[in-house]
Amino acid sequence: MQALSGVPLSVREPPQACAVCDGDMNVQKTIRRTVRTLTHGSFQAQETIYVCASRCQKQNHLVTARSSSLAQLLVPHCTVGYDVLVYVGCQRFLHYRQREEMRTDLEKRYGIVLSTGEISALGCRFLVYLKALHKKRAPALRAALEADGGWPLHIDATGEDGRGTLVTAWAGWRNWVLSAWKAPTERAEFILPGIERVAADFGAPCAIVRDLGRAMTEAAAQYVQSSKKPIPVLACHQHFLSDIGKDLLEEGHHQLRDGFRQIRLLPRLRAFVRQQGSHLGESIGMGREALDHWLAAKGRTPALPKGVEGIVAVRSMAQWLLDYHADGRGLGFPFDLAWLDLSARCLHLLAALRTFLRTPPAPPADAQVRKALETLERMLRPIEKDQPPFLLLLQALSKRADLFHRLRAVLRLEEKNPTAKKLDQIRAALQGLKASLRRKRPEPGRAKDTREAIDLILKHLDRHGPYLWGHARLVARTNNGLESLFHTIKHGERRRSGRKILTQDFEILPPAAALATNLHHADYVSLVCGSLDRLPEAFAALDAPHRSRSIAVGAKQSSTTVETASLSTIDKLFVRRQIFEDYILDAAKCA
């Protein structure tokens with residue numbers, strides 16, 4: 001059986017004595033309702049409710065008694081069980097499944113029918129219970145952290161388009177999210193109270209790893225100053241390198257991007273590829289195979305095949321240009337310089353095209369192949385003619401990129417957990433690079449751009465140098481673990497919503513969603529509820545003192561948008577009301 005639908009089950013437990021007068025309890029009424037649990041499916045529960053025979057009152061309400069076994073199964077004032085609540089919450093915030101997926105799965109596997117609106121409400125209620133359980137079990141979590149010898153605090157924030165900023169405090173050794181809260185903007189006044197709350201619940205951290213932003217820097221410094229014991233504040237090496245890269249390369253990289261947009265190279269290349277593919281039609285597959293055999297036979301000869309193979313070859317050259325992102329490692333700017341990679345491919349292909357066009361003893365005999373080569377060469381010609389000034393931009397950006405790559409090589413971020421000895425070697429190498437840059441810094445009046453680039457790197461090293469060392473035996477030297485958590489949440493939200501831009505999603509996403517990721521860690525689950533199978537039981541225990549009211553009823557989600565200068569969704573809807581605009585215009589007429 002998938003469910004007990006239509007089968008009435010009578011729930012009538014012998015009543016205990018009145019909690020006030022210790023007297024008898026009489027039957028008040030019998031109610032029938034449809035309830036739904038994963039264990040039993042959907043069924044009709046006929047429950048008997050008892051009332052004190054002496055009509056005793058407690059908090060201005062008659063003393064009543066209901067079935068304790070049924071109460072432990074069902075969320076108060078709700079027809080679903082705690083196990084359904086946990087199922088929906090885990091599917092939503094751990095596996096990022098869509099509402100229709102959950103709805104179909106519940107009906108197919110358990111015979112439970114829920115509306116999409118009910119599923120959304122249960123998801124929000126799940127986070128309220130999880131946050132309360134996390135707070136209740138904080139002493140046990142704190143004891144585990146203290147048994148480790150303390151815990152390092154990694155703190156960072158994420159959002160989308162400057163909205164829905166989610167600040168997260170993360171225990172580095174255990175990989176637990178200890179707290180998460182929304183901030184209208186990244187300012188110290190919104191971050192410091194959160195650090196203080198985390199320290200009050202879980203003890204002072206043994207170290208703090210932060211990014212290089214002013215808000216995080218000020219908040220960490222203010223907390224350490226107020227602390228009774230010294231706490232090292234360390235800078236994330238990944239953020240340090242990223243900040244230098246952005247300051248060093250962003251302007252030139254954007255100028256290069258604008259140059260490509262000005263000559264419309266990418267749209268023209270895509271149109272060229274479509275046109276050649278249309279001409280080839282169904283023969284493109286055979287042409288690709290023939291070209292593959294020709295390449296294997298001819299090796300590196302500076303010539304092109306004729307006919308279909310030649311057209312496929314030219315089309316593939318254009319596609320090779322469009323695949324310029326393959327030169328990166330998927331790390332994003334400034335670690336991947338996509339437009340610089342495209343420029344390098346363009347220059348290489350331009351030289352190759354001219355070789356193909358003049359290859360002795362004669363240029364390609366096939367007129368279509370020659371025409372395609374000339375068209376592709378003509379598209380790339382503006383880069384060589386320096387209109388817009390590509391070559392000057394490439395020269396300056398390449399020099400700056402070389403400086404950045406030198407710094408990146410010295411920091412050796414690919415070594416995830418370097419020993420103290422390796423960190424000392426990295427520190428010595430960075431000092432050596434710093435001294436080398438000072439020696440090679442051009443004199444005023446010469447190589448102005450190179451001098452400014454070196455000055456920028458030296459400025460960052462002088463400002464953040466004291467916070468770059470001391471990670472050994474304490475904490476990871478990057479916030480990559482926390483950044484990976486943010487990536488997982490965003491990837492999951494995109495999968496769930498189908499939207500690439502998550503501005504609205506992050507604005508309405510409760511901060512407790514970050515706490516849900518702790519359920520992936522067995523040590524956390526063991527301390528909080530024993531196992532995921534016992535999570536419904538732990539939620540039921542939260543409601544035990546007040547069965548007449550769920551802890552989720554009336555739970556307030558703190559609003560953080562009222563103090564922000566950005567135009568939030570709520571503000572946008574208000575200022576766009578016609579009555580508000582009319583109010584301003586009417587006042588303007590009276591001036």
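Numbers for residues simply follow the sequence, beginning at 1. Note: hydrogens, waters and symmetry copies are ignored here, and every other heavy atom, side chains too, is used.
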| said: Centre-to-centre under 6.0 Å for Phe539 and Tyr129, is that the case here? | reply: yes

Ignoring hydrogens, what is the shortest heavy-atom contact between [X] and [Y]? Give both atom names and the distance.
| X | Y | result |
| --- | --- | --- |
| Pro232 | Cys206 | CD-O, 3.2 Å |
| Cys529 | Ala538 | CB-CB, 3.9 Å |
| Gly123 | Val88 | N-CG1, 3.9 Å |
| Cys236 | Leu212 | O-CD1, 3.9 Å |
| Ile195 | Ala219 | CD1-CB, 4.3 Å |
| Leu527 | Ala140 | CD1-O, 4.3 Å |

| message | Determine whether Leu38 and Leu106 satisfy the following criterion, side-chain contact (heavy atoms from CB on, under 4.5 Å), listing intermediate values before the conclusion. | response | CA-CA 8 Å; Leu38 297 187; Leu106 282 170; 3.8 Å; yes

Side chains of [X] and [Y]: do they bring a donor and an acceptor to under 3.5 Å?
| X | Y | answer |
| --- | --- | --- |
| Tyr87 | Asp105 | yes |
| Arg97 | Gln91 | yes |
| Asp247 | His460 | yes |

Does any N or O in the side chain of [X] come within less than 3.5 Å of the main-chain N or O of [Y], such that one atom is a donor and the other an acceptor?
| X | Y | value |
| --- | --- | --- |
| Gln98 | Arg496 | yes |
| His521 | Trp176 | no |
| Arg99 | Glu118 | no |
| Thr517 | Ala514 | yes |
| Ser526 | Ala522 | no |
| Trp181 | Phe190 | yes |
| Ser120 | Thr116 | yes |
| Asp211 | Gly213 | yes |
| Ser484 | Asn480 | no |

| What's the verdict on salt bridge (charged side-chain N to carboxylate O under 4.0 Å, His left out) for Arg494 and Asp505, showing C-alpha distance, side-chain angles and the deciding distance? | CA-CA 9 Å; Arg494 289 190 178 96; Asp505 300 82; over 6 Å; no

| Worked verdict on Val113 versus Ser42 for side-chain contact (heavy atoms from CB on, under 4.5 Å) | CA-CA 8 Å; Val113 179; Ser42 178; over 6 Å; no

For the pair [X] and [Y], find out whether any cationic side-chain nitrogen is under 4.0 Å from an anionic carboxylate oxygen.
| X | Y | result |
| --- | --- | --- |
| Asp336 | Arg329 | no |
| Glu160 | Arg163 | no |
| Glu493 | Lys490 | no |
| Arg210 | Asp156 | no |

| request: Begin from the C-alpha positions of Phe335 and Ser242 and carry the test side-chain contact (heavy atoms from CB on, under 4.5 Å) through to its verdict. | output: CA-CA 8 Å; Phe335 303 101; Ser242 178; 4.1 Å; yes

Are [X] and [Y] packed together at the side-chain level, in the sense that at least one heavy-atom pair is separated by less than 4.5 angstrom?
| X | Y | result |
| --- | --- | --- |
| Lys182 | Thr165 | no |
| Arg345 | Asp327 | yes |
| Thr37 | Val80 | no |
| Phe506 | Ile489 | yes |
| Ile457 | Leu248 | yes |
| Leu249 | Phe333 | yes |
| Tyr110 | Arg36 | no |
| Asn479 | Ile155 | no |

To the nearest 0.5 Å, what is the distance between [atom1] on [X] and [atom2] on [Y]?
| X | Y | atom1 | atom2 | value |
| --- | --- | --- | --- | --- |
| Arg408 | Glu414 | CZ | CD | 8.5 Å |
| Arg495 | His95 | CZ | NE2 | 11.0 Å |
| Arg125 | Cys78 | CZ | SG | 5.0 Å |
| Leu145 | Arg174 | CG | CZ | 6.5 Å |
| Leu322 | Leu265 | CG | CG | 8.0 Å |
| Phe240 | Tyr467 | CZ | OH | 13.0 Å |

| said: For the residue pair Lys131 and Phe126, would you count it as a cation-pi contact if the rule is NZ or CZ under 6.0 angstrom from the ring centre and within 45 degrees of the ring axis? | reply: no

| Are Arg142 and Trp151 in a cation-pi setup, meaning NZ or CZ lies under 6.0 angstrom from the ring centre and within 45 degrees of the ring axis? | no

Looking at [X], I want to see if its [atom1] is surrounded by more than 12 non-hydrogen atoms of other residues, nucleotides or ligands under 6.0 Å.
| X | atom1 | answer |
| --- | --- | --- |
| Arg264 | CZ | no |
| Glu146 | CD | yes |
| Arg534 | CZ | no |
| His520 | NE2 | yes |

| query | Going through the checks in order, is the side chain to side chain donor-acceptor pair (under 3.5 Å) test met by Tyr524 and Asn175? | reply | CA-CA 9 Å; Tyr524 177 89; Asn175 296 339; over 6 Å; no

| task | Please test Phe93 against Leu130 for side-chain contact (heavy atoms from CB on, under 4.5 Å), starting from the C-alpha separation and ending with a verdict. | result | CA-CA 11 Å; Phe93 296 105; Leu130 184 62; over 6 Å; no

| Given Val209, Ile426, Leu234, the one that forms side-chain contact (heavy atoms from CB on, under 4.5 Å) with Arg477 | Ile426

| query | Any ring-ring contact (aromatic ring centres under 6.0 Å, His included) pairs touching residues 202-223, not counting sequence neighbours? | reply | His134-Phe202

| task | With ring pair (Phe, Tyr, Trp, His ring centres under 6.0 Å) as the test, would you mind laying out the steps for His154 and Trp173 before giving the verdict? | result | CA-CA 10 Å; His154 292 255; Trp173 294 340; 9.6 Å; no

